[in-house]
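Each remark here refers to the structure printed beneath this line.
Per chain, numbering begins at 1; letters A, B, ... match sequence-line order.
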Number of protein chains: 2
Amino acid sequence: MNKQKAQPVVGFSQHDHRRCVKKALKEADDYCELNQLRFTVVRRRTLGILLESHMAMGAYEVLERLKLEELGSKPPIAYRALGFLLENGFIHRIERLNAFVACSHPGSTHHPAFLICSDCGSVAEAAVSPNSDALSQTAEQSGFQIEHTTIEAEGQCPDCLQQVES
Amino acid sequence: MNKQKAQPVVGFSQHDHRRCVKKALKEADDYCELNQLRFTVVRRRTLGILLESHMAMGAYEVLERLKLEELGSKPPIAYRALGFLLENGFIHRIERLNAFVACSHPGSTHHPAFLICSDCGSVAEAAVSPNSDALSQTAEQSGFQIEHTTIEAEGQCPDCLQQVES
DNA sequence: TTAGTATTGATATAACATAACATTTTTTAC
DNA sequence: GTAAAAAATGTTATGTTATATCAATACTAA
């Protein structure tokens, strides 16, 4: 096996989730204040909804939740909020699922990679350092200038693997 | 820069495209014969349509082309043919574009990676060897078992970069 | 306070994808 | 060679994801 150092994974481990959500929202509050971004009720609540789950959620699923709370009821409401959150790095889009997930390392610019469990649907985010992977090397070699990368792996998470064994 | 060996890229270079298409179709013919797959008119023509372009094409775009030739006219026709071609490794799906592109290295199982030009829409495929990248390492470390990877980069291809400069 | 800008509300529609079932074609077994 | 089975295609309908457009409201700064 290759011994190059790997990045930590968030999502497949126990943690105090209530606290984790609160902390992330607070960080978003601070970031928006600092950068003079309008962190409106819909936007903040949309982030909250995504934070409350380690699953990726579709836009219409988010919209259902917003409806329950009388915040918007039509697709553009959800898509706009999600767009804001994406732009500012609070969430990521999972292309394979046409879905969105709260960022596990907000604040810092990074090239996220995702591990998607096809059994339970949980999504873990791993930070992959740019320029270290085969893709970047291939791009550089051919003169292609990368602006954004999508790196997603689908398979079985540790928990689901164990359940099959036992 | 990292000097690890990178993989060759097809797509951003000049070549005799007519011959390239013919060769790929012939290879598909042979593969299907060998594996007793039914390479029907619709399936073969669908592959031909994708081969004729280094752009990714949406299913409905492919369907339009099939319509012109009196091969099917309804979405399932295109999606079924694309499904067959995907299953057998003749084409790949580009998640970021909801589109399909002919495989550049058919025949061998591989983990494809794509370089997508956001200016001209061309798509280049690079074969990334499994287990060599940060993603596989992260997965292995956390006990996640990868079954399929999606690796896509969006940016500017060499040709489009040059056009901006000049 | 008013002019400009950003956000939200609402309607409509575009773009992508599949379920379900009928019909036709091909393969296989006899 | 023909009947039964399997695979592929034809067709209708609908489900899912996403955006364009314009009107109304709220916030910001001069």
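Counting heavy atoms from C-beta on, the side chains of Asn98(A) and Arg93(A) come closer than 4.5 Å. Counting heavy atoms from C-beta on, the side chains of Phe100(A) and Leu86(A) come closer than 4.5 Å. Residues Met57(A) and Ile49(A) have side chains in contact (heavy-atom distance under 4.5 Å, counting atoms from C-beta outward).
Note: CD (Gln36(B)) to C1' (dT26(C)) measures 13 Å, nearest angstrom. Glu70(A) has its CD atom 11 Å from the P atom of dG9(C), to the nearest Å. Rounded to whole Å, atom P of dA13(D) lies 10 Å from atom NZ of Lys74(B). At whole-Å resolution of the value, CZ in Arg43(B) and C1' in dT26(C) are 12 Å apart. For the pair Phe84(A) CZ and dA6(C) P, the interatomic distance rounds to 13 Å; values are reported in whole Å. Residue Asn98(A) contributes atom CG, which lies 11 Å from atom P of dC16(C) at whole-angstrom precision. Counting to the nearest Å, the C1' atom of dA8(D) and the CZ atom of Phe39(B) are 15 Å from each other. Put simply, CG on Leu63(A) is 12 Å from P on dA10(C), counting in whole angstrom units.
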Considering only nitrogen or oxygen atoms on both sides, find all protein atoms under 3.5 Å from nucleotides 18-25 of chain C and state each distance.
from	atom 1	to	atom 2	distance (Å)
dA20(C)	N6	Arg80(B)	NH2	3.3

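Contact check on Glu27(B) versus Lys23(B) returns a salt bridge, with a Lys/Arg side-chain nitrogen under 4.0 Å from an Asp/Glu carboxylate oxygen.
Both Val42(A) and Phe100(B) sit near DNA chain C, but only Val42(A) has its closest nucleotide nearer the 5' end.
Using bins of under 30°, 30° to 60° and over 60° for the plane-to-plane angle, the ring pair Phe39(B)/Phe90(B) lands in the tilted bin.
Side-chain N/O atoms of Arg93(A) include none lying less than 4.0 angstrom from OP1 or OP2 on dT17(D).
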- Item | side chain to side chain contact (heavy atoms under 4.5 Å, CB included) evaluation trace for Arg96(B) with Thr150(B) | CA-CA 10 Å; Arg96(B) 284 184 68 79; Thr150(B) 299; over 6 Å; no
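Of the candidate nucleotides dT9(D), dT11(C), dT7(C), dT9(D) has the atom lying nearest to any side-chain atom of Ile77(B). Among the nucleotides dG10(D), dT7(C), dA18(D), the one closest to any side-chain atom of Thr40(A) is dT7(C).
Residues Met55(B) and Leu50(B) are members of separate hydrophobic clusters, defined by side-chain heavy-atom contacts under 4.5 angstrom among Ile, Leu, Val, Met, Phe, Trp and Tyr.
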